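For reference, the structure discussed in these notes is given below.
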Amino acid sequence: MDNAILIAKVLGPIYLIVGLGMLLHKQHMRSLFDEVSKSPALAYLGGVLALVIGTIIVRVHNDWSLGWPLLITLIGWGAVAKGASRILAPEWSRDLLRSYAQDDKIIPLATAAALIFGAVLTAGAYRWI
């Protein structure tokens, strides 16, 4: 099994479940963003985890050719950027999370992105696209 399919089989269902959770529990997500923005330890831990996961994805799958596997590369680099920003610019990251908690457009946008990413990755992993 190639790396793209393996990663998609892991990330696709995760994104689908996270997206459904966000869809069903909008206020909980708002509270979560707010709570993480208030806790330097949670923000730092989240940054380290994102950096580790993103680095692993980029290391085993850094494919920039067009097609659904490109989404995996973009997710990997996005995770690296997210992790690095939480570690290297914690105040900026905290302020960004606070703004997410207060912005009525962010949660629906993040929900849609998670559901789309999950659907595309799952479909690609199981060769439906």
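Owing to the predicted nature of the structure, the values given are computational and were not obtained by experimental measurement. The chain is numbered in sequence order, starting from 1.
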Linked, directly or transitively: [X] and [Y] (ILVMFWY side chains, under 4.5 Å):
X     : Y      : result
Ile17 : Phe117 : no
Ile5  : Leu74  : no
Val58 : Ile72  : no
Val80 : Ile56  : yes
Ile57 : Ile14  : no

Straight-line distance of [X] [atom1] to [Y] [atom2], nearest 0.5 Å:
X      : Y     : atom1 : atom2 : answer
Ser37  : Asp95 : OG    : CG    : 8.5 Å
Leu16  : Leu11 : CG    : CG    : 11.0 Å
Arg59  : Asn3  : CZ    : CG    : 10.0 Å
Ile116 : Leu71 : CD1   : CG    : 10.0 Å
Arg86  : Leu96 : CZ    : CG    : 8.5 Å

Under 4.5 Å between any side-chain heavy atoms of [X] and [Y], yes or no?
X     : Y      : value
Leu49 : Leu45  : yes
Phe33 : Ile107 : yes
Trp92 : Ser85  : yes
Val36 : Tyr100 : no

What pair of heavy atoms forms the shortest contact from [X] to [Y], and how long is it?
X      : Y     : answer
Ala110 : Met22 : CB-CE, 3.4 Å
Ala125 : Lys9  : CB-CG, 3.4 Å
Trp68  : Ala8  : CZ3-CB, 3.5 Å
Gly54  : Ala79 : CA-CB, 3.6 Å

With no hydrogens and no angle check, is any side-chain donor or acceptor of [X] less than 3.5 Å from a backbone partner on [Y]?
X      : Y      : value
Thr73  : Asp63  : yes
His61  : Pro69  : yes
Thr122 : Ala119 : no
Ser39  : Glu35  : no

Salt bridge between Arg98 and Asp103, side-chain N to carboxylate O under 4.0 Å?
no
Identified side chain to side chain contact (heavy atoms under 4.5 Å, CB included) counterpart of Tyr15 within the set Leu115, Leu20, Val120, Ile75
Ile75
Exactly one of Thr55, Ile53, Val48 clears side chain to side chain contact (heavy atoms under 4.5 Å, CB included) with Leu51, and that residue is Thr55
Verdict with reasoning, Asp34 to Arg30, per salt bridge (Lys or Arg N to Asp or Glu O under 4.0 Å)
CA-CA 6 Å; Asp34 188 52; Arg30 188 179 312 279; over 6 Å; no
Looking at Leu24, I want to see if its CG is surrounded by more than 12 non-hydrogen atoms of other residues, nucleotides or ligands under 6.0 Å.
yes
